[in-house]
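First the structure, in the form of structure tokens, and then the observations on it.
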Amino acid sequence: MNKPELIEPFENALINPAEQVRQWKKENGSKVVGFLMTDVPEELAHAAGFFPYGIINGKADLEKADTHLQTWVCSHARSSLALALGNKLDFLDGLIIPQTCDTTRMLLDLWKQVQPLPYMDDFRLPRQVDRPSAKNYLVSELKRLRHGLEQFSGCTIDPESLKQSVNLYNQNRKLMRKIVDLHAQDPALISSREIYTIINGAMVMPREKVSELLDGIVKALEEQPYTEKDREPVRIFLSGTLLEPLEILDYIEEFGGTVIGDDFQNGYRYIESDVVLKDNLIEALAERQLNRIPSAAFDIEHKPRRIFLSNLAKEKKARGAILFHIKFCEPENFDSYDNLQAMQKNGIPAMRIETQFGRTGLGQLRTRIHAFMEMVGGGSK
Amino acid sequence: MSAKNIFKTATLMKEIMARYNNAGKEAKKNGIPVAWVTAVFPVEIIYAAGLFPYYPENYGAVAAAKKIADKLSSAAEARGYAQDLCGYARCGIGDAYADEHPIGEILEPDLLFCCNTQCGSLPKWFEVAGRFYNAPYFLLDTPRVGLETDELCKDYFIEQLHEMIAFIENFSGNTFDFKKLSEVLALSNEACRLWNEILDTAALKPAPFGFFDACFHMAPIVTLRGTQEAVDYYRALKEEIDERIEKGITAIPEERYKIYFDHIPCWPRLRWFSELFASRGALVVASQYTHSWAYSFDLERPLESLAENYTHEFVNRCFDYRVQRKINFMTRYGVDGFVFFSNRSCKPNAIGLYAKNKLIREQTGLPGVVFEADMSDLRFFSEAQVLSELEPFFEQLT
Ligand code: SF4
Ligand code: SF4
């Protein structure tokens with residue numbers, strides 16, 4: 001089997017997600033629950049028989065959101081609502097928005113006004129993880145969420161199906177991490193663009209299918225022999241809330257780089273840890289959420305984000321770091337200066353780039369990445 | 001609040017605020033820890049613990065009112081903090097990095113407390129400040145509450161109050177004094193009661209006191225609630241207002257309409273707005289903003305009661321609750337129309353305003369309008385644009 005063919009289903013799912021979602025609905029007679037950002041306990045929705053669908057990618061006509069969301073609201077929110085208003089999410093039956101910032105805190109209620117769905121709920125994750133109260137609260141919040149999902153599905157989520165869903169998601173994540181590891185050992189095996197296509201594609205595909213496909217990819221990669229290269233690619237670390245647009249990866253590779261780590265919600269943060277299988281799976285889901293790597297939503301006292309990031313970049317032997325900032329994303333903006341300082345302090349040349357869903361000037365983006373790659377020792381391939 | 005119409009009590013306020021600011025500087029010298037807190041935060045605990053509570057938001061509001069928010073902000077912007085962040089945060093972070101301090105420096109924290117019931121900007125700003133000043137930071141996390149009472153959120157908050165008290169004890173080495181807390185809560189209750197009595201006088205026709213007056217007189221309820229000074233101040237103000245009612249002195253010369261306004265005022269143009277409304281015979285009588293400080297604590301169950309008050313405050317509530325609350329104010333104050341300020345600094349209050357405007361117009365039949373600007377930064381304020389948004393509204397008032 002050849003690799004591009006194996007990755008094609010992920011690519012296609014990103015280009016035209018609706019088709020296969022509708023197909024799934026027809027075959028399974030069940031419902032689709034969308035989510036924003038990615039700090040969402042998808043396993044719960046999956047165990048209730050739903051298709052958890054990540055609204056991260058997709059080309060929206062941002063103007064469609066203008067009457068409801070001011071132009072200074074982050075483009076992830078604007079683009080997601082615009083997708084809905086443009087009937088590009090008409091297969092959704094439900095929506096869960098995790099409250100990671102003021103925008104996500106207010107968005108669900110507004111969405112209810114302009115595009116109501118049969119099931120809509122916030123996931124009110126705690127904004128601190130350093131104290132015992134966070135876990136007590138989160139366990140209750142997850143139970144509340146479970147209850148809502150059960151009401152919507154009409155049946156209780158039995159422990160056995162939750163266990164199966166957890167297993168499936170763990171398996172998915174494990175295989176994706178395996179791909180990331182194989183790439184770290186030999187970047188020529190698979191491109192950065194392909195890796196993030198897989199991660200993002202998985203969010204809009206039926207999970208059972210994802211597992212099968214990932215299995216095939218891992219096998220194909222493992223069989224591929226190591227190729228001697230004249231020059232190793234320049235190792236680049238990325239950080240930010242959401243990676244968008246995926247062309248970023250093409251440009252990094254075009255100028256001799258490869259991505260060796262990140263903390264994006266739609267990147268490594270999505271796959272970095274599993275739910276520990278134990279009797280009380282709600283508690284296990286809570287623990288996974290609490291132990292996630294730091295993000296912009298809030299800083300962690302025992303693991304400050306800037307230190308975590310700069311150490312990770314160093315550990316991964318990054319030659320440079322690019323910090324992305326979705327324009328108008330407040331949490332990320334509050335972090336970026338200190339993150340930049342920490343990178344530089346750790347001896348890692350770093351720069352910031354602002355992007356916007358659907359609005360990033362690709363030419364300029366390419367030029368900036370080119371300049372940075374030259375500086376850190378890359379250049380055209 | 002025209003120039004001729006200034007309250008005598010205003011002088012008293014300047015005095016007590018000067019005393020408060022001075023006490024902050026003295027605290028530093030006398031070894032009393034300076035604790036940064038947020039506006040909607042159980043400051044009663046801080047007062048009871050003998051720490052000095054300092055409000056960086058206030059610093060931002062003062063910078064805004066003095067029309068220097070853009071200057072202070074530029075030192076933050078030079079480091080990549082974008083112009084679209086909350087203006088208060090930009091002023092605070094800007095001051096940390098700035099070489100010049102036209103309104104004096106922000107008071108450096110020894111420790112920082114933040115409650116995110118208001119917004120997510122404050123915790124992010126305080127995190128930055130905690131790193132900058134190298135001071136410990138404590139977040140009272142408040143998940144958003146819907147229409148109904150939320151026990152889950154309340155229990156979480158109570159558990160955190162215990163954690164916070166332990167955090168303070170650990171910092172200061174002193175055992176927390178619950179008797180003192182009781183005293184502080186009683187004073188807070190009294191100040192809130194007086195403050196709301198004062199706000200309610202805006203319902204009289206014509207009224208002696210309106211929203212713009214409230215903006216001017218609100219500093220003590222924010223910063224000094226829980227102290228005798230706040231109680232004394234609002235007692236004096238209430239007396240003066242009663243006197244005005246007797247003498248027939250009104251907030252604006254010819255009150256023809258009453259208006260509901262959300263949310264924070266545009267500080268650098270406060271006078272311009274108040275004169276604009278007055279010139280149309282419109283008195284702004286209520287805003288959820290000035291009504292935020294309406295706490296009522298049960299001294300028998302202090303922590304539960306603190307949790308109920310601070311988690312169920314409107315700023316932490318859902319869309320439907322807020323719509324209902326606004327309509328209740330409109331009814332209670334008998335307004336003829338409403339104006340919503342889409343304040344780009346304050347996303348949690350501005351997001352959803354257009355939908356609220358539409359819904360409330362439909363439900364009440366009142367004229368309503370949304371205008372765009374920033375509460376502190378004049379770079380995002382256009383007089384012509386605001387007028388073009390407000391004029392058609394004024395014309396609809398009947
Ligand atoms: S502001 Fe940032 S964290 Fe919030 S929804 Fe937008 S991208 Fe996500
Ligand atoms: S103005 Fe709004 S965003 Fe800024 S601190 Fe106040 S509540 Fe938060």
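Below, chain A is the first sequence line, B the second, and so on; all start at residue 1.
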Measure [X] against the heavy atoms of chain B and call it side chain, backbone, both or neither at under 4.5 Å.
{"X": "A:D130", "value": "neither"}
{"X": "A:N136", "value": "side chain"}
{"X": "A:A297", "value": "backbone"}

Review point. Is the NZ or CZ atom of B:K356 both under 6.0 Å from the centre of the six-membered ring of B:F338 and within 45° of that ring's axis?
Key: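 No, B:K356 does not lie over the aromatic ring of B:F338.
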Relative to chain A, which segment of [X] carries a heavy atom at a distance below 4.5 Å: side chain, backbone, both, or neither?
{"X": "B:D150", "value": "side chain"}
{"X": "B:Y354", "value": "side chain"}
{"X": "B:A76", "value": "neither"}

**Study point:** Note: B:E372-B:R344 ion pair, threshold 4.0 Å (strictly below)
**Key:** no
Point to revise | Residues which pass side chain to side chain contact (heavy atoms under 4.5 Å, CB included) with B:C114, listed by chain and number, not counting sequence neighbours | key: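 Only B:T38, B:L122, B:P123, B:F126, B:Y137, B:L139 meet the side chain to side chain contact (heavy atoms under 4.5 Å, CB included) criterion with B:C114.
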Check your understanding: Could you give the distance from NZ (B:K347) to OG (B:S121), rounded to the nearest 0.5 Å?
Key ->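 That separation rounds to 7.0 Å.
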Exercise for review: Please check if any side-chain donor atom of B:E159 sits under 3.5 Å from a side-chain acceptor atom of A:S133, or the reverse.
Suggested key: no
Check your understanding: Which one of B:C318, B:A355, B:C119 has the most heavy-atom pairs closer than 4.5 Å to chain A?
Key -> B:C119
